[in-house]
2 protein chains.
Amino acid sequence: MAIKERKEREKQEMRNLIIESATQLFLKQGYDKTSIRSIADDIEYSPATIYLYFKDKDEIFFVIHENAFEILEQHLRRNDVIADPFERLAGLGRTYIEFGLQNPDYYDLMFIMRAPMEQIKNEEKWKSGECAFGYLLTTLSACLEESKIRQGDLYVTAIQVWSFVHGLVSLYVRGRMCILMMPDDATREILYNSFDLFLANLKK
Amino acid sequence: MAIKERKEREKQEMRNLIIESATQLFLKQGYDKTSIRSIADDIEYSPATIYLYFKDKDEIFFVIHENAFEILEQHLRRNDVIADPFERLAGLGRTYIEFGLQNPDYYDLMFIMRAPMEQIKNEEKWKSGECAFGYLLTTLSACLEESKIRQGDLYVTAIQVWSFVHGLVSLYVRGRMCILMMPDDATREILYNSFDLFLANLKK
DNA sequence: GCATTTACTAAACAGTGTTTATTATATTCA
DNA sequence: TGAATATAATAAACACTGTTTAGTAAATGC
């Protein structure tokens, strides 16, 4: 009965096809313009077919959201080679900001948009988020143990770091940094300077 | 020719009626469910009439966005009585966070959603945002002058403070704080503790 | 009192996410 | 192999959305 397995494989391939098309359209045109109909058009199937492979639009974008987390994690992992935990923390932060600035649509989906979080409510847990947050917790824990940063509750410190870098990136990607009335590259400069200052204040 | 003035007054009254209805629906049901048709239904006019008073949906929500800034400013102004600039800064931050937590929909419109910012592109300047940011700049300037906080560039420091409090609030209102796996009030506790720690690190 | 401007709306347009009933194909079993 | 069943795909519809157009009724100007 290899037919069942082939069918399962074909089903997965179709899911991949849909996700690949949706991802491409999403990165090119954004969330709103990536309609079920436009995906169907792209893969040359009818819109109704997509609903045989995904419950709704949210489920499609939840998968894209998870793929984006895998990409971020690949970037973050490059800091594993840094021995000093404080420098590793600095690396993680800069990597996070850089990822956000260079992949604003992915960042949006991961940390700003409501759509993928609706899916989490059903799944109870935000696995992707917890994994990335885990990196931060581990690094901060090492920093505290080696007294590289000011003493304080681990979770409070973690939220502090995350909130700060998220604030920088999200104000930027959602157009609020226009308040500085500076060209784009100067605004980015301020972003990184601001992060450096933050690190300096955190250091022991 | 008092007729012209009456007409102008009536036009403004109609605009107010639309904004009041839209605001009420927005705070009750959120942005997406506040459709032009639902507003029209509420004020007992046809949907097309709304377009005689507003260019599009964005323009309506831009006005609501501006009204929200006025409310925030009223809250922020209560800190004017605090003489010590550092304590005033602390007050401003806490007021900002509190406003965000208690008015998540307004906060969304002011600092997260793209809709009202489309309007700013046409108007060139984000007046509401600049006004609120001005409060922060003035207070920080006083802090620096009296050496209440670590020395540093005014704008870099301002972005640092704003990004941090925005990060806290926006991660919360967009459901990412679920990562802490804590009840809502405990999460809020962490938020405020995190802000206190931030202030302590900033203090000279 | 008549012409003109203003205020309003019904209906349509072009989209959206999603569901249902139907058809064509593939698989199973006698 | 041939009939019965299960699967895959779709056309069409449903209930929405923001927005525009053409036409009507009332208020205003002369």
**OP:** Look at A/Arg37 together with A/Asp42 and state whether they make a salt bridge at an N to O cut-off of under 4.0 Å.
**Re:** no
Original post:
Could you give the CD1-to-P distance, from B/Ile39 to D/dG18, as a whole number of Å?
Top reply: 8 Å
**OP:** Could you go through the side-chain hydrogen bond (donor to acceptor under 3.5 Å, both in side chains) check for B/Thr95 and B/Asn79 one step at a time?
**Re:** CA-CA 8 Å; B/Thr95 303; B/Asn79 294 287; 3.0 Å; yes
Original post:
Could you give the CD-to-C1' distance, from B/Glu44 to C/dT9, as a whole number of Å?
Top reply: 15 Å
Original post:
Between A/Phe198 and B/Phe164, is the gap from one ring center to the other below 6.0 Å?
Top reply: no
Original post:
Can you list, by residue number, the residues of residues 46-57 of chain A that have a non-hydrogen atom closer than 4.0 angstrom to DNA chain C?
Top reply: A/Ala48, A/Tyr51, A/Asp56, A/Lys57
**OP:** Looking only at non-hydrogen atoms, find the nearest pair between A/Phe195 and A/Gly93 and report the distance.
**Re:** CZ-CA, 3.5 Å
Subject >> is_close_aromatic(A/Tyr107, A/Tyr96), centroid dist under 6.0 Å >> reply: yes
Original post:
Within this structure, what is the CZ-to-C1' distance between B/Arg15 and C/dA7, rounded to whole angstrom?
Top reply: 16 Å
**OP:** Calculate the interatomic distance between B/Asp41 atom CG and D/dC16 atom C1'; express it in whole Å.
**Re:** 13 Å
Subject >> Axial bend angle, the helix from C/dG1-D/dC30 to C/dA30-D/dT1: five-pair end segments, nearest 10° >> reply: 20°
Original post:
Hey, are the side chains of A/Trp126 and A/Lys121 touching, using non-hydrogen atoms and a 4.5 Å cut-off?
Top reply: no
Subject >> d(CG, B/Leu17; P, C/dA7) in whole Å >> reply: 15 Å
Original post:
How many Å lie between CD1 on A/Ile18 and C1' on C/dT18, as a whole number?
Top reply: 15 Å
**OP:** Classify the side chain of A/Arg37 and the base of C/dG15 as holding, or not holding, a donor-acceptor pair under 3.5 Å.
**Re:** no
Subject >> Protein-nucleotide distance (B/Tyr45, atom OH; C/dA10, atom P), rounded to Å >> reply: 13 Å
Original post:
Under 4.0 Å between a Lys/Arg side-chain N and an Asp/Glu carboxylate O for A/Arg188 and A/Asp185?
Top reply: no
Subject >> Residue whose nearest DNA chain C nucleotide is more 5′ - A/Asp32 or B/Glu10 >> reply: B/Glu10
**OP:** Tell me, please, which residues at least two apart from A/Arg174 pass side-chain contact (heavy atoms from CB on, under 4.5 Å).
**Re:** A/Asp108, A/Ile112, A/Met113, A/Arg176, B/Ile112, B/Arg114
**OP:** Specify the separation, in whole Å, of atom NZ of B/Lys11 and atom C1' of D/dA27.
**Re:** 15 Å
Original post:
So which of A/Phe133, A/Tyr106, A/Phe111 actually passes ring-ring contact (aromatic ring centres under 6.0 Å, His included) with A/Phe69?
Top reply: A/Phe111
